Participant: 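Below is the structure I would like to discuss, written out as structure tokens.
Quick caveat, the model's predicted, so the values are computed rather than measured. In what follows, chains carry the letters A, B, and so on, assigned in the order in which the sequence lines appear, proteins first and then strands, with residues in each chain numbered from 1.
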Number of protein chains: 2
Amino acid sequence: MDNKEISQAVIGRLPRYFRFLGELKDEGVERISSQELSDIMNVTASQIRQDFNNFGGFGQQGYGYNVAYLYEEIGRILGLDKTHKLIIIGAGNLGQALANYTNFDRRGFLFKGIFDCDPSLYGKKIRSMEIRPMEELEDFVKENEIDMAVLTIPKASAAQVARRLSHTGIRGIWNFAHVDLDVPDGIQVENVHLSDSLMKLAYNINRSENQMLPGFESQLMDEK
Amino acid sequence: MDNKEISQAVIGRLPRYFRFLGELKDEGVERISSQELSDIMNVTASQIRQDFNNFGGFGQQGYGYNVAYLYEEIGRILGLDKTHKLIIIGAGNLGQALANYTNFDRRGFLFKGIFDCDPSLYGKKIRSMEIRPMEELEDFVKENEIDMAVLTIPKASAAQVARRLSHTGIRGIWNFAHVDLDVPDGIQVENVHLSDSLMKLAYNINRSENQMLPGFESQLMDEK
DNA sequence: AAAATATTGTCAATTCATTGACATTCCCTT
DNA sequence: AAGGGAATGTCAATGAATTGACAATATTTT
């Protein structure tokens, strides 16, 4: 297996492949060709083959791909064969919702603790975990060998918390705060900017409405 | 203003521009050059100018961009000058968390109702809105001229709900269910696949660990 | 066992996105 | 009011991602 960098465009598609292959596997499908997968997933067969070949050949010429094998390999590429210990920082609505979302566990993302700076929340239990004060953050991460931190705190405090985390040995931050975090090399950040996503939806709605209505130019003219 | 299609790559960057410009505006910054913005945002000045010019020239040669004006224009492009009425379908952890997230209102995304199929939730209030039974969905959307539906339901029921929505005049679906929805033209779907995002983070953590450790090839060899 | 068929892996072509370069235009100072 | 300086808008060049094409190779059938 070679060492060349895989583009994030490819990585971004892997989870979707993984999902479809998992479903096919559950349905008992044993083998699939890139063309069949293409039909199901609405991407070109060429792209599918190109994507998989970034990681070496998983298929058999004249046969196709073994679903269960491919599923497992992609899982391995994504690092899902290993478990990850995560903590949630910020026990607001979103933090608590994510803490209660048990599906992540099934993929090896283990919920190990939740923190907040609001004393009135200390001790409250979420999935049998007490909400802990922020003061305990660093020690907890080190003692429990936490890999990942989920940031569900207001943007104002996110940068500071990220800075604190960067000295703890944490490997990745799943950032729901609406800021760009600046972290040292070796710490990965994955942003989930919900409001950005909602704005994109607003744009696309807007655009499709303008496309449908005849004479929309005049509307635009109005606004000087 | 011309009618040519703008690439989603560009659209995807607009919310981030919007955020930075909003912050600059709040700080009282009046004008900014593409180069200054480039330094702040870590994208090339050329890309910034190219992006803005998709929508016509917002700047002044020799001067730069007026922050407040540019902010407003991008908001307009994103459709944030209009209000959007949204409902949430699925009053589980995530649905309730989003319902309680008041920041969306500030951008004109108005929370108008929340639905669930669990009778034990009917009547429970969230931000002074009762949780409604799914049976009332179609009538409610039509009577209240709802634009957007937020889908925070399990994947099993998402396709069916999307089908029901497609007959109501809804314009967009913000989809948190882990499936690809198939909707008619004219209805926009924006997916938020949290587990995909988490897998990407897992991949990048994994990759960076392999890069750092010398002799990681031998680890790969082990697995036959 | 050989021929026919299917499908990958990969190279080349194309399309799309980003970056670089610079003429043009406007601001600002003198 | 005129000239120098600054920064846009835009075109061209580069680079990245996607698609198309096909030789190589395995499977399946006869």
Side-chain angles (χ1 to χ4, degrees), chain A residues 1-17 20-21 24 29-74 77 200 203 207, chain B residues 1-17 20-21 24 29-74 77 200 203 207:
Chain A
M1 211 138 302
D2 37 357
N3 208 355
K4 70 167 180 295
E5 192 85 3
I6 309 293
S7 83
Q8 289 295 312
V10 174
I11 304 310
R13 286 191 290 267
L14 292 183
R16 188 156 176 268
Y17 290 129
F20 276 88
L21 289 166
L24 287 165
V29 178
E30 269 189 17
R31 68 186 242 188
I32 195 160
S33 69
S34 59
Q35 186 55 58
E36 290 169 303
L37 198 52
S38 157
D39 294 339
I40 298 172
M41 294 187 64
N42 267 315
V43 293
T44 63
S46 186
Q47 179 162 78
I48 290 171
R49 295 202 297 277
Q50 195 83 278
D51 282 350
F52 293 167
N53 267 78
N54 280 293
F55 307 96
F58 297 140
Q60 292 271 286
Q61 278 159 328
Y63 175 89
Y65 298 89
N66 178 291
V67 171
Y69 172 70
L70 185 55
Y71 175 77
E72 201 185 326
E73 283 300 314
I74 293 179
I77 291 164
K200 273 194 279 177
Y203 172 86
R207 179 185 52 104
Chain B
M1 212 138 302
D2 39 353
N3 209 356
K4 68 166 182 295
E5 192 85 5
I6 311 292
S7 83
Q8 289 294 312
V10 174
I11 304 310
R13 286 191 290 266
L14 293 183
R16 188 156 177 269
Y17 290 130
F20 275 88
L21 289 166
L24 287 165
V29 178
E30 269 188 20
R31 69 185 241 189
I32 196 159
S33 69
S34 59
Q35 186 54 58
E36 290 169 303
L37 199 51
S38 157
D39 294 338
I40 298 173
M41 295 187 64
N42 267 316
V43 293
T44 63
S46 186
Q47 178 162 79
I48 290 171
R49 295 202 297 277
Q50 195 83 280
D51 282 349
F52 293 167
N53 267 78
N54 281 291
F55 307 97
F58 298 141
Q60 294 269 286
Q61 278 158 327
Y63 175 88
Y65 299 89
N66 178 292
V67 171
Y69 173 70
L70 185 54
Y71 175 76
E72 201 185 328
E73 284 300 313
I74 293 179
I77 291 164
K200 271 193 280 177
Y203 171 86
R207 179 186 52 105

Participant: Starting at CG of D51(B) and ending at P of dG20(C), how long is that distance when rounded to a whole Å?
Facilitator: 15 Å
Participant: In residues 65-74 of chain A, which residues come under 4.0 Å of DNA chain C by heavy atom?
Facilitator: Y65(A)
Participant: To the nearest Å, give me how far apart CD (E36(A)) and P (dT7(C)) are.
Facilitator: 7 Å
Participant: Y63(B) OH to dG4(D) P: how many Å, rounded?
Facilitator: 24 Å
Participant: Ignoring hydrogens and angles, does a donor from either the side chain of Q50(A) or the base of dT10(C) sit under 3.5 Å from an acceptor on the other?
Facilitator: no
Participant: Check every atom of dC28(C), dA7(D), dT8(C) against the side chain of S33(B) and return the nucleotide holding the closest atom.
Facilitator: dA7(D)
Participant: What is the distance, to the nearest angstrom, from the CZ atom on F52(A) to the P atom on dT7(C)?
Facilitator: 15 Å
Participant: Look at the side-chain N and O atoms of Q61(B) and state whether any lies under 4.0 Å from the OP1 or OP2 oxygen of dC27(C).
Facilitator: no
Participant: Check whether any side-chain heavy atom of Y17(A) lies under 4.5 Å from a side-chain heavy atom of I48(A), and answer yes or no.
Facilitator: yes
Participant: Does S46(B) have a side-chain nitrogen or oxygen under 4.0 Å from the phosphate oxygens OP1 or OP2 of dT18(C)?
Facilitator: no
Participant: Could you name each residue pair satisfying salt bridge (charged side-chain N to carboxylate O under 4.0 Å, His left out) that touches residues 58-68 of chain B, not counting sequence neighbours?
Facilitator: none
Participant: Just to confirm, is there a sub-4.0 Å distance from OP1 or OP2 of dT18(C) to any side-chain nitrogen or oxygen of Q47(B)?
Facilitator: yes
Participant: Rounded to whole Å, how long is the line connecting atom CG of L37(B) with atom P of dA7(D)?
Facilitator: 13 Å
Participant: For R31(B) and dT8(D), is the shortest distance between a side-chain N/O and OP1 or OP2 below 4.0 Å?
Facilitator: no
Participant: Sub-3.5 Å donor-acceptor pair from the side chain of N66(A) to the main-chain atoms of Y69(A), do we have one?
Facilitator: yes
Participant: Can you classify the ring geometry of F52(B) versus F58(B) as parallel (below 30°), tilted (30 to 60°) or perpendicular (above 60°)?
Facilitator: tilted
Participant: Of the nucleotides dT10(D), dC26(C), dA17(D), which one has an atom closest to the side chain of R49(B)?
Facilitator: dT10(D)
Participant: Mind checking whether R13(A) and D51(A) have side chains closer than 4.5 Å, heavy atoms only?
Facilitator: yes
Participant: Check every atom of dC26(C), dA12(D), dA17(D) against the side chain of Q60(B) and return the nucleotide holding the closest atom.
Facilitator: dC26(C)
Participant: With respect to the side chain of R13(A), which nucleotide from dT18(C), dT18(D), dT28(D) is positioned closest?
Facilitator: dT18(D)
Participant: Can you tell me how far apart CG (L21(B)) and CE (M41(B)) are? Round to the nearest 0.5 Å.
Facilitator: 7.5 Å
Participant: Whole-Å distance between dT10(C) C1' and N54(A) CG?
Facilitator: 12 Å
Participant: Between E36(B) and S33(B), is there a donor-acceptor pair closer than 3.5 Å when you use the side chain of the first and the backbone of the second?
Facilitator: yes
Participant: Using atom types as modelled and distance alone, determine if a side-chain donor or acceptor of N54(B) lies under 3.5 Å from a backbone N or O of Q50(B).
Facilitator: yes
Participant: In whole angstrom, give the distance that lies between atom CD of Q35(B) and atom P of dA6(D).
Facilitator: 13 Å
Participant: Between dA17(D) atom P and L14(A) atom CG, what is the distance in whole Å?
Facilitator: 14 Å
Participant: If you compare every side-chain N and O of T44(B) against the phosphate oxygens of dT19(C) (OP1, OP2), does one of them come in below 4.0 Å?
Facilitator: yes
Participant: I want to confirm an ordering. Mapping V10(A) and G59(B) to their closest nucleotides on DNA chain D, which one lands closer to the 5' end?
Facilitator: G59(B)
